[in-house]
A.B. asks: 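Take this structure first; my questions come after.
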Amino acid sequence: MIVGVQPLAGFDKLLHYKVPETLRASIRAGSLVRVPILNQHKVGLVMEVNGVVDVPLEKLKTVSGLLQDYPALTPDLLTLAKWMHGYYAARMESVLEAMIPGAVRDGTRLKQEKYLSAAHKPTTEELAALRKKAPQQSRLMEFLAHQFQPAKKSLLLSRLAVTAAVVNALVKRGWVREEVRHVERVAYADQWATGEVVATQPPKLNEEQATIVTSVGASLDKGKFAVHLLHGVTGSGKTEVYLHAVERVLAAGGSAIYLVPEVALTPQTVARLRGRFEAAGHRTVVWHSHLSEGERLDGWTALASGQARVVVGARSAVFAPVRDLRLIVVDEEHEPAYKQDETPRYHGRDVAVYRAKLANATCLLGSATPSLESFSNVRNGRYRLDVLTKRVDDKQLPDFQIVDMRIEVMRTRGLVTLSRLLVNHMQARFERKEQTILFINRRGYSSSMQCRKCGHVEECPHCSVAMTYHRADETLKCHLCGHERGAPAVCPSCAAPDIRWRGLGTQRVEEAVRRVLPRARLERVDTDTMAKRHRFREILSDFRTGKIDVLIGTQMIGKGLDFPNVTLVGLVDADLSMHVPDFRANERTFQLLVQVAGRAGRGDRAGEVVVQTFTPKADAVQFAKNADFNGFAEAELHVRHRFQYPPYRHLIHHLFRGPNPEKIKFFAEHWAKEVEKALGNTVELRGPTPSPIEKVKDEYRYQIWYFCASAAKVVPALVKLQATVKWPEDVFQVLDVDPMSLM
DNA sequence: AGCACGCCGACT
DNA sequence: GTCGGCGTGCTC
């Protein structure tokens, strides 16, 4: 018996070993083993049994031990690991480390980092001598001499482009000190373990909920892979649907994974879920990043052994070693928190979908504001859409009203910040002692150019993305393909003069509000305010308690905030956010607006949302036409479509070992071919366009960009191939890719 | 990640 | 000739 083992030893290569007689019965694919490598022993994972061996058989050594007598990875997880390795271009070793908790890997590789510092301050003569004899060492020495703190070895090596041999020589000489630091995760006290478990009585489902429970139940019973997207307005009782699905799976003897974004994993949520499952006699494992090693091991073994069949947890809970997986719930599926921002840079939601496919399970994605890629998959027929339109508390959805700002401009013959309608509404609220939120979108830095008379926006002829105005040299640039030209003096569409403006500051809005509501108490929430953290909290608390009448803010006022007395939400400048050449930014804007708007209104009366725009027919406000949240979905698809990121592989980031332009080129060419296949039409690869080296925190980065543009005008396709090279450290960026498109 | 190996320029 | 510096390639 011969096994292929992926050692957890710092390199990505499958090594083959013979298996001793004593271990033959218990070793399987997915088992953790101890293997000899050169003169040391390392832990490794058995990737295959009796596979093809490419070295002479007499070279094989023997497996020296087995860590557990059951495999650490179930077959579906093993396949998932291989998929992630290729899909996220992450090293196999790092994928395995993400999937198997350190405690299970026997604590062998307590994460350790090496640091270097100067142990000797060389004189100028010594340095000069060194520079002549050993230039590499002198560079390193000079760098270290200027550091106040020990520098991380791995980072230093690649930044200065020197090898470990250089360091060793200096250490031997006694000029450099090398120290090892163990990175220990802080184990928080588990506030959830002690928290009281409340057994909640399942509320009665309304008709909509019941229909969806049946629909999801049908998928579960079939035992085939299916994805349901549950699109439910705020407060429509999505959780109850999840709970029913999980309970059904548990009752049938299967296992379920319930994913929640880390921030949403509060003691209350956990207590509620636990209460429900444990009342029915099911042990529930809670999984999040603040668990101690011991707690992690306990939870993991409970799941692996089948003692527990439900896990509620954050992102990494997708890797729970459950047996007989039948359901994965992904709550708030649009949340960016599902992305892991260190290697392996995976997306929890996408991995959930793929794992469900491998396990022939049902995946239930839910959100009030689903992501574009999920909508797109509904449209493609790959996901099934279930909609909850009614709130369980019967609170009414807000009314949307669109204001055409071009008319406002003509009416007042001048600068307008707030429309008459919005002002009237605000004044009425003030008299009734109700509150208003004014939402300003300033996402991004870039300003597009828009005619305030006719609403015309200058777009890139290749990319149909608004061009960015650069004041310094009076030019318009496309941030996608780099197309550049002089900024026009008059509107190219209606010849109106002076179109060179865009963007509203919070201050200007504040002034405008003061003019129309001189006695109102107002506050601004923007990045300036955010700088002082307690100030931000203070403002929110004042707003909640009614000490503030009007809150003017940018992005951050949306999230999870509940203001019971807000009955009006104004989107001051709907256009701006729509012309930022990044669909992800547009998506966020919509989501924020819906979140804020969804909370507008009181029990007795629907709230109102006023959207001010210069382009009332634009996608930006399409959703409001239907005056409900279903229109929102349509609007999102419009945006998607408009930007034409073809197979939804909008950003392809890759990681390279060191700044290696050749490799980047190779990948760019590879992806260009993929895009060509997906589009069925010829694609031209342009580039490279290296960016200047920029300093980010204490690291230097540069990017090399390639663009694919389709030659045929029919599909104005454009894919941005961006290779981000955190120079010189290795970086793989998140692949913002839709997993379904690769199945 | 470590570690051996081998190439290359420098120098008693 | 030898020695140290430094990059490369291998680990079953």
Side-chain angles (χ1 to χ4, degrees), chain A residues 1-20 23 27 29 31-66 90-97 102 105-116 122 126-143 152-176 178-183 343 657-660 662-663 728-730:
Chain A
M1 187 187 192
I2 290 166
V3 286
V5 175
Q6 166 63 56
L8 269 28
F11 60 93
D12 250 29
K13 190 166 187 241
L14 198 66
L15 304 182
H16 294 268
Y17 292 88
K18 287 183 284 194
V19 179
L23 293 178
I27 234 168
S31 297
L32 276 175
V33 289
R34 214 174 286 280
V35 288
I37 291 175
L38 294 173
N39 52 359
Q40 36 191 351
H41 283 262
K42 297 277 184 184
V43 172
L45 192 104
V46 178
M47 302 298 290
E48 57 178 39
V49 175
N50 294 330
V52 189
V53 188
D54 50 0
V55 288
L57 289 179
E58 57 272 18
K59 220 182 149 187
L60 299 192
K61 292 186 185 170
T62 312
V63 172
S64 54
L66 180 64
R91 301 175 46 210
M92 195 59 187
E93 193 190 3
S94 72
V95 173
L96 296 178
E97 279 175 359
R105 302 193 306 259
D106 204 27
T108 8
R109 284 163 42 85
L110 257 185
K111 217 181 155 193
Q112 60 180 42
E113 286 170 345
K114 290 190 175 167
Y115 284 80
L116 298 179
E126 279 177 323
L127 246 138
L130 191 65
R131 196 166 347 199
K132 235 174 129 196
K133 210 166 58 152
Q136 303 293 73
Q137 290 184 29
S138 81
R139 274 202 301 137
L140 184 69
M141 202 60 228
E142 269 175 67
F143 184 89
K152 204 166 148 186
K153 187 179 175 186
S154 56
L155 216 78
L156 206 60
L157 290 188
S158 42
R159 175 175 303 173
L160 297 179
V162 293
T163 59
V166 179
V167 177
N168 290 342
L170 279 167
V171 171
K172 222 195 249 164
R173 194 186 299 236
W175 285 17
V176 165
E178 192 178 60
E179 54 180 308
V180 182
R181 288 187 196 173
H182 289 272
V183 212
T343 36
R657 187 165 256 277
N660 183 341
E662 275 312 301
K663 259 193 183 165
E729 211 209 1
D730 294 0

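Because the structure is a prediction, the values reported are computed rather than measured. Below, chains carry the letters A, B, ... as their sequence lines are ordered, and counting in each starts from 1.
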A.B. asks: Round to the nearest Å and state the distance from A:His16 atom NE2 to C:dC12 atom C1'.
C.D. replies: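 Whole-Å distance recorded here is 7 Å.
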A.B. asks: Which atom pair, heavy atoms only, marks the closest approach of A:Glu93 to A:Gly10?
C.D. replies: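 Here A:Glu93 and A:Gly10 meet closest at OE2-N, 3.2 Å.
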A.B. asks: Just to verify, which of A:Gln6, A:Lys13, A:Glu97 counts as forming a side-chain contact (heavy atoms from CB on, under 4.5 Å) with A:Met92?
C.D. replies: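 Considering A:Gln6, A:Lys13, A:Glu97, a side-chain contact (heavy atoms from CB on, under 4.5 Å) with A:Met92 is found only for A:Gln6.
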A.B. asks: Could you give the CD-to-P distance, from A:Glu93 to B:dG2, as a whole number of Å?
C.D. replies: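 The answer, rounded to whole Å, is 11 Å.
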A.B. asks: Nearest of C:dG7, C:dG5, C:dT11 to any side-chain atom of A:Ile37?
C.D. replies: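 Shortest atom-to-atom distance from the side chain points to C:dT11.
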A.B. asks: Is any side-chain nitrogen or oxygen of A:Gln40 closer than 4.0 Å to OP1 or OP2 of B:dC3?
C.D. replies: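 For B:dC3, neither OP1 nor OP2 has a side-chain N or O of A:Gln40 closer than 4.0 Å.
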A.B. asks: Which heavy atom of A:Asn50 sits nearest to which heavy atom of A:Met1, and what is that distance?
C.D. replies: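 Scanning both residues, the minimum pair turns out to be OD1-CA, 3.7 Å.
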A.B. asks: Planes under 30° and centres closer than 5.5 Å, is that true for A:Phe11 with the base of C:dT11?
C.D. replies: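 Base of C:dT11: stacked against A:Phe11.
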A.B. asks: Taking any heavy-atom pair under 4.0 Å as a contact, classify A:Pro36: base, sugar-phosphate, or nothing.
C.D. replies: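 A:Pro36: backbone/sugar contact only, no base atoms under 4.0 Å.
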A.B. asks: Identify which nucleotide among C:dG7, C:dG5, C:dC12 has an atom closest to any side-chain atom of A:Leu60, counting heavy atoms from C-beta outward.
C.D. replies: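 Closest nucleotide among those given: C:dC12.
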A.B. asks: To the nearest Å, give me how far apart CG (A:Asp54) and P (C:dC12) are.
C.D. replies: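 To the nearest whole Å, that distance equals 13 Å.
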A.B. asks: Side chain of A:Lys133: nearest nucleotide among C:dG7, C:dG5, C:dC12?
C.D. replies: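 Looking only at heavy atoms from C-beta outward on A:Lys133, the closest nucleotide is C:dG5.
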A.B. asks: Which whole-number value in Å describes the distance from A:His41 NE2 to C:dT11 P?
C.D. replies: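 It works out to 17 Å between those atoms.
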A.B. asks: How close do A:Ser31 and A:Leu66 get, heavy atom to heavy atom, and via which atoms?
C.D. replies: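 Distance-wise, the nearest heavy atoms are CB-CD1, 3.8 Å.
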A.B. asks: Round to a whole Å and report the spacing from CZ of A:Arg131 to C1' of B:dG9.
C.D. replies: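 Roughly 19 Å, once rounded to whole Å.
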A.B. asks: Give A:Gln137 one of three labels, base, sugar-phosphate or nothing, depending on what nucleic acid heavy atoms sit under 4.0 Å from its own.
C.D. replies: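 Sugar-phosphate, backbone atoms only, no base.
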A.B. asks: I want to check one thing: is the phosphate of B:dG9, taken as OP1 and OP2, less than 4.0 Å away from some side-chain N or O of A:Lys132?
C.D. replies: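 For A:Lys132, the contact criterion (side-chain N or O under 4.0 Å from OP1 or OP2 of B:dG9) is not met.
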A.B. asks: Rounded off to whole Å, could you give me the CG-to-C1' distance for the A:Leu15 and B:dA1 pair?
C.D. replies: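 The distance from CG of A:Leu15 to C1' of B:dA1 comes to 13 Å, rounded to the nearest Å.
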A.B. asks: Given atom CG of A:Leu96 and atom C1' of B:dA1, what is their separation to the nearest angstrom?
C.D. replies: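 Taking CG of A:Leu96 and C1' of B:dA1, I get 16 Å after rounding.
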A.B. asks: Sort out for me which residue in A:Ile2, A:Val53, A:Val33, A:Ile37 forms a side-chain contact (heavy atoms from CB on, under 4.5 Å) with A:Tyr17.
C.D. replies: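 By the side-chain contact (heavy atoms from CB on, under 4.5 Å) criterion, A:Tyr17 pairs with just one of A:Ile2, A:Val53, A:Val33, A:Ile37: A:Ile37.
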A.B. asks: Counting just side-chain N and O atoms, does A:Lys61 come under 4.0 Å of either OP1 or OP2 of C:dC12?
C.D. replies: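 Result: yes.
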A.B. asks: Grab the CD-P distance between A:Glu178 and B:dA1 for me, whole Å please.
C.D. replies: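 Spelled out: CD on A:Glu178 to P on B:dA1 is 12 Å.
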A.B. asks: Could you check whether A:Lys18 gets within reach of a base, just the sugar-phosphate, or nothing at all, counting any heavy atom under 4.0 Å?
C.D. replies: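 Counting heavy atoms under 4.0 Å across all strands, no contact is made by A:Lys18.
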